Structures are given as structure tokens and as C-alpha cells.
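Letters go in sequence order (proteins before strands), and every chain restarts at 1. Basis for what follows: all heavy atoms, side chains included, without hydrogens, waters or symmetry-related copies. Note that the coordinates shown come from a computational prediction; the quantities given were computed from them, not determined experimentally.
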Amino acid sequence: MLLKRTHTCGELTKEHVGQAVALNGWVDAWRDFGGLVFIDLRDRYGVTQVVFEPEAGADLQAQARELRNEYVVGIRGTVAARLAGKENPKLKTGAVEVRAVELVVYNASPTPPFEINGPEPNEELRLKYRFLDLRRPDLQRVFILRHEVGQTMRRVLSEQGFLEVETPILGRSTPEGARDFLVPSRVHASHFYALPQSPQLYKQLLMVSGFDRYFQIARCFRDEDLRATRQPEFTQLDVEMSFVEDEDVMTAMEPLIAAMAKQFGGEELRLPLPRLDYHDAMERFGSDRPDLRYALELKDLADIAEQTEFRVFQMAKEAGHRIRGLCAPGGAEKYSRKDLDGLTEFAATFGAKGLVWLKVEAETFAGPTAKFFKPEVQAQLRERFDAKVGDLILIVADSQAVTSQALSNLRARLAAELKMYEPKTFHYSWVVRFPLLHWDAEENRYAAEHHPFTMPLAEDLHLLDTDPSKVRAQAYDLVINGEEGAGGTIRCHDPAIQSKIFALLGLSPEQAEEKFGFLLSALRNGAPPHGGVAFGYDRMVMLYAGLTNIRDCIAFPKTAKGTDLMTGAPGLVEPRQLKELHIRSS
RNA sequence: GGGGAUGUAGCUCAACUGGUUAGAGCACCGGCCUGUCACGCCGGAGGUUGCGGGUUCGAAUCCCGUCAUCCUCGCCA
């Protein structure tokens, strides 16, 4: 029999004293005193103490004595104020308790594989018993936040006239980008659907249809290796607008960003957000998504380095490499010789063959390579970094890519270890004017930096013919604390420019027509100028929940190898199923 | 595909350089207890040290292989 609840377990206060109530929930803890039995009853709203007193009868007490952790029960009783001095300030409901008069056990439970209110078990176990893991209040709070983030996105965009439209999950595979997840067609032998990497092309088609302002909270699929912040399926807030330039899209998104910052970050944002040129970001921070909660800027040191006798620097110059560095305030004291070996090893994982370190002292520099720096060269270095005694200068001599990667990662690590920022603050900025293309040496052709339908900056159009890698795009990323929170572009709605870009990407007109015919046809049939942006929904939730791991904000996530430890997916299927799909499996 | 970390009781962890019968807290089982809320007290059960080899008088500990989870490089327009 169901004892229908009149209240939740997080609801009862002094105001309810004397009322007859019914609660439903899980046994969070039990305390048996012989003559008196206490049960903490838990649901997603909180915990309420239930007491079984002798007055309720021996039968009921005996029944209560059988309860164990995680039994699901219904309880009927009367709300009573706790005895004076016996209140529990840790509970919202701690001023009262429910004196039980009836107990129904809906379901017993074996001893759970881990304690719901105990220490966090290892993740393998958590994922195997995810339905139990999700009972933990910490995780429940994340999903409440996730819901609220979605509500805010829908509300703010709807207020601005954006329409939510759904697009297909079963689509077709297109070249470029990530590896597709494929779904075989039963009706059409050897033909496959692809799950969308994003609703990119569909939302452009919606613009051609005249929908003007679109959004969707869309599931996306990419068959690539996972990371702490990457899952094979994840969720984007996908947005597209017509009759806009890049500034219009950023401006349109800022009220939403400000609403989220206020509601979930507790911060009143000043708009417009800062715009940072891609080129400047790479030069000053070595990254297209720098964490701007702290400065710690990179400096070019080529002119100073060439005054040294240091062979590594000379060779770098001959190879056309760059010599760049940064200066960590107070780093000399913080990092021992052994720590510095650790930093060198860390830099090596990003391809740096070495790391020059110099400890700034009153009169000179300390470090194994300090002897190569003559006093006047040291003076220039001090000046370049505005270095103080006790600072640590780190220098990498390598290619543009390696110096950027190694130093930007060192920058992030040093800032964290030297506590150069408040962990719980947020910094929002747009990084703009990304390159349109980059040279792919493996494929021996240009590849799209963002995607093949990105509009170049008007002032760079002439470079398409002469120096394509210099062409900048109408592309913009929202960077929050060193993470890409959102990214977008203005799309190419001009068939002539589009075919030039296809040619650079190594696509013949015939190939382009075959792969993207439906889009090209749409673009020829009255496509408005349009562009958009997509936010990482999971990432926003992670950020505001203070998580470092995307799995903790996805209800049923996959492991790093893409398996679901709870359901066993991916699993084998019946030979009959394969036969229907015209698939032979090895 | 490469690199790194971890794997010991149901859970969280311990066990110095290889050395007695692999321990503790929580959970679990039995008993006592009328005001607890990390209840307390008494007693108890619980181990293929991930798995498979090897070295050794002796392996949780050392070596090889393998599996799983996590982090990371490549990859991810």
C-alpha cells in the first residue's frame, strides 16, 4: 500500500507542528535505542528524522527495528517539535521530527555496494551502480543546477525571439571534422546514417527557411578519444541568427552570458565583454583560450637571446624557431631543483626539448645556464619581465607551436601552484578573428580551422588567392577561465567565396556537390547572411558546479574507453540483427 | 596508438628496506540501551592483495604479461 506523501523530506519546520503528515523516502540512517528507534528519511529535498516511540506500539517498533540503510519506505505520523536543546541545526528540518504511527516498506535493499552518505567510492564502482551514485546529495545538486542552467538558456533566448527547433539525430556523414558514429540502414544495404557532430548544417538550412533566430539544446556525437572534459555524446546550446555580422552574434549572446554569470556565478557582468584578437592571444598567452584571471604574459626573447653564447639559442635562431619565456613572481623560492626538473618534464610532454630556468637573485641569475647570460643581457631580461628578486624566468626555444603549447601550459600550472588567482572567480572574454585555414602537412592541403563554411573577414578576402593561411575568419570563441565556453562563426553565404574555400580544402566542385549538395543548393536559393554560436552546455554546468570532470554533470556517462559500466554498452548483438543490416562482423 | 597513476575486507584506506596468523575506521551480523542525529557499549563474521606467470627459503611488496579505471599526448573542423 502506498502512503501518499503530504510533504517532502526537506520541508517540515516548526510551522507544521501538530499536523498529520506522510513522508516517502530512503532510509539514510537508523539508530536503535531499544525503547526508541530513530530513522533519518532522505529524498532529493532533504532529510527528516522519524521517531518510533513506545506509545506507537510494540508492533510498529519491531517493524522499525528491521529497517536498514536504503530501504524505501512510507511513514505516516505527527509533526512534533523536538525536545528543547535536541534540535539539529545541520538539518533544514532539524527543529522537528515525525512521530510515526504507520510504516510501510515499499522495498527492502541489500547492503549497498557503497554507503550513500559515506566517502566517495572509486569511480568504477560509482559508474557501475550509477543509480545509487546519483542518490548522493552532491550529485543531485549538480543535476538541479543543470536543469536551472537549461531553464535560463531557454528563458533568455525565448525572450529575445529565438525559436527552439529540433533537428535530426539520424543524418548523413560529411567529411571534415571529427569521426562520425555510424548507424547502418536496414532498408538500404551498405548505407549508413551518421549521428550529428553538431546540428551545424541543419541550423544553416533553418536560416535559409527564414527562421531568423533559432536555438536548440542539442545532443552531439563525436567518435574521438575521451578526456576529463570530453564525452562521446555531449550537449550544446546551439544558436543561429540571420542578417548578422560577428559582432551582432556576440552582442546577442551577452545578455544570456550575463544572466548565467549573475544566477550561477553570483556576479554582475559589465558588458560588452572584452574582445581579444586571436593573434594577440597566441602572442601574449600562447593559447587561443587563455585564462585571464591572471596576467603572467609570455614575452618574445629572440633579440635578447641572440646576445648570449648559448648554443641552444643559436640553433633555434638558425632553425627559424622562436625563443619565448615567462616570469613567475616568487617562483624561485617556490620551486626546488627537483620541482624544476618536474617542470622541464612537464614542458617536454608538449614537445619542448628543454626548459631554461633562471632564478632571479639580487645581483645575478642562478641556474645551470645562467653563465651564458652576461650582466648586460641579464639586465635586459629583468627589464623585459619587470623581474624582482625571487622570481623565476622560464624560457623555451622551439617552433611557434611548441613554444606556445609548452609555455601556455606552464603558465596555467604556475598560476595554479603559485595561487595567482581566486579559484572560484570567473573571467569571460571573446577571442576573435581566428585564422580561416591551417596547413595540414599530412594531407598536403589546407584544412578548415573551424568548419568549411566559415566567412573570411572582408578585409582579408584578397588573401584567399595569394596567402590563404593569413586569411582571418569571422570566428569567435567565448573563453571562460581558460576553457572554451562557446564558439561560433559567420557562415559563408556567397557561392563564389565558398567554392574558392572548397578548392583550398582540396575539394573539387564535383566532390563538394556530392558531399554538401543539399547545403550548396540551399545557399543558392536565397540564403540570408547568417551566423551563430554553440555553447558547451555540459561545460557551463561543470564550471558553475565547480567540477573538473564532465562525467559528474552527465547522468549516465561513459568511461574513458567509451563504455557504459552500468548497461555494458557497447554490447554484442544477435547474428540475426547483423544480417538484417547487411553487416558481416569479424 | 604512446606516456603516467591506481588496483589490498562491502566501502575508504594502512601494512618501513621482501619476513609472524595482511590491519584500522565505516558498513554488515548477534546482544544491550528512552533522546540520538558520525549514537554508545559488548561480541562476531568478513581477504584469490584485479588476473596469469616468474624470481625467492619466503611476495600485497621485486620482474614479465594481461585486464580494468583515471589523467595525459596524438586525435577532437
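Geometrically, R445(A) does not engage W439(A) in a cation-pi contact, judged by NZ or CZ lying under 6.0 Å from the ring centre and within 45° of the ring axis.
The side chain to side chain contact (heavy atoms under 4.5 Å, CB included) test applied to D59(A) returns no partner, not counting sequence neighbours. Residues passing the ring-ring contact (aromatic ring centres under 6.0 Å, His included) test with Y129(A), sequence neighbours excluded: none. Residues passing the side chain to side chain contact (heavy atoms under 4.5 Å, CB included) test with N481(A), sequence neighbours excluded: D291(A), R293(A), F426(A), H427(A), L543(A). Considering only residues two or more places apart in sequence or on other chains, Y278(A) meets the ring-ring contact (aromatic ring centres under 6.0 Å, His included) condition with F434(A). Judged as a ring-ring contact (aromatic ring centres under 6.0 Å, His included), and not counting sequence neighbours, the contacts of F346(A) are F350(A). Listed by chain and residue number, H7(A), T8(A) satisfy the side chain to side chain contact (heavy atoms under 4.5 Å, CB included) test with E11(A) (two or more places apart in sequence, or in another chain).
Pairing of rU12(B), defined by two Watson-Crick or G-U wobble distances under 3.5 Å, is identified with rA24(B). Nucleotide rA5(B): paired with rU69(B) (Watson-Crick or G-U wobble, both distances less than 3.5 Å).
Within the structure, every side-chain polar atom (N or O) of Q405(A) is placed at least 4.0 Å from both OP1 and OP2 of rU72(B).
Distances were taken from every side-chain heavy atom of D225(A) (C-beta onward) to each of rU12(B), rU69(B), rG74(B); the shortest belongs to rG74(B).
Within the structure, salt bridge (charged side-chain N to carboxylate O under 4.0 Å, His left out) pairs that include any residue of residues 492-521 of chain A comprise D465(A)-K500(A), E513(A)-R524(A) (at least two apart or interchain). Pairs engaging residues 72-90 of chain A under the salt bridge (charged side-chain N to carboxylate O under 4.0 Å, His left out) rule: R76(A)-E102(A) [sequence neighbours left out].
Listed in residue order, the members of residues 226-233 of chain A having a heavy atom less than 4.0 Å from RNA chain B are R227(A), A228(A), R230(A).
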Can you tabulate the close N/O pairs, meaning under 3.5 Å, that link protein atoms to atoms of nucleotides 28-30 of chain B?
unit_1  : atom_1 : unit_2 : atom_2 : d
rC29(B) : OP1    : R68(A) : NE     : 3.4
rC29(B) : OP2    : R68(A) : NE     : 3.3

### Task
Using a 4.0 Å heavy-atom cut-off, write out nucleotides 32-37 of chain B from 5' to 3' as B (base contacted by protein), S (sugar-phosphate only) or - (no contact).
-BBBBB
Solution key, residues 111-120 of chain A side-chain donor-acceptor pairs under 3.5 Å, sequence neighbours excluded:
unit_1  : atom_1 : unit_2  : atom_2 : d
N117(A) : ND2    : D28(A)  : O      : 2.9
N117(A) : ND2    : D28(A)  : OD1    : 3.4
N117(A) : ND2    : D28(A)  : OD2    : 3.4
E120(A) : OE1    : R136(A) : NH2    : 3.0
E120(A) : OE2    : R126(A) : NH1    : 3.2

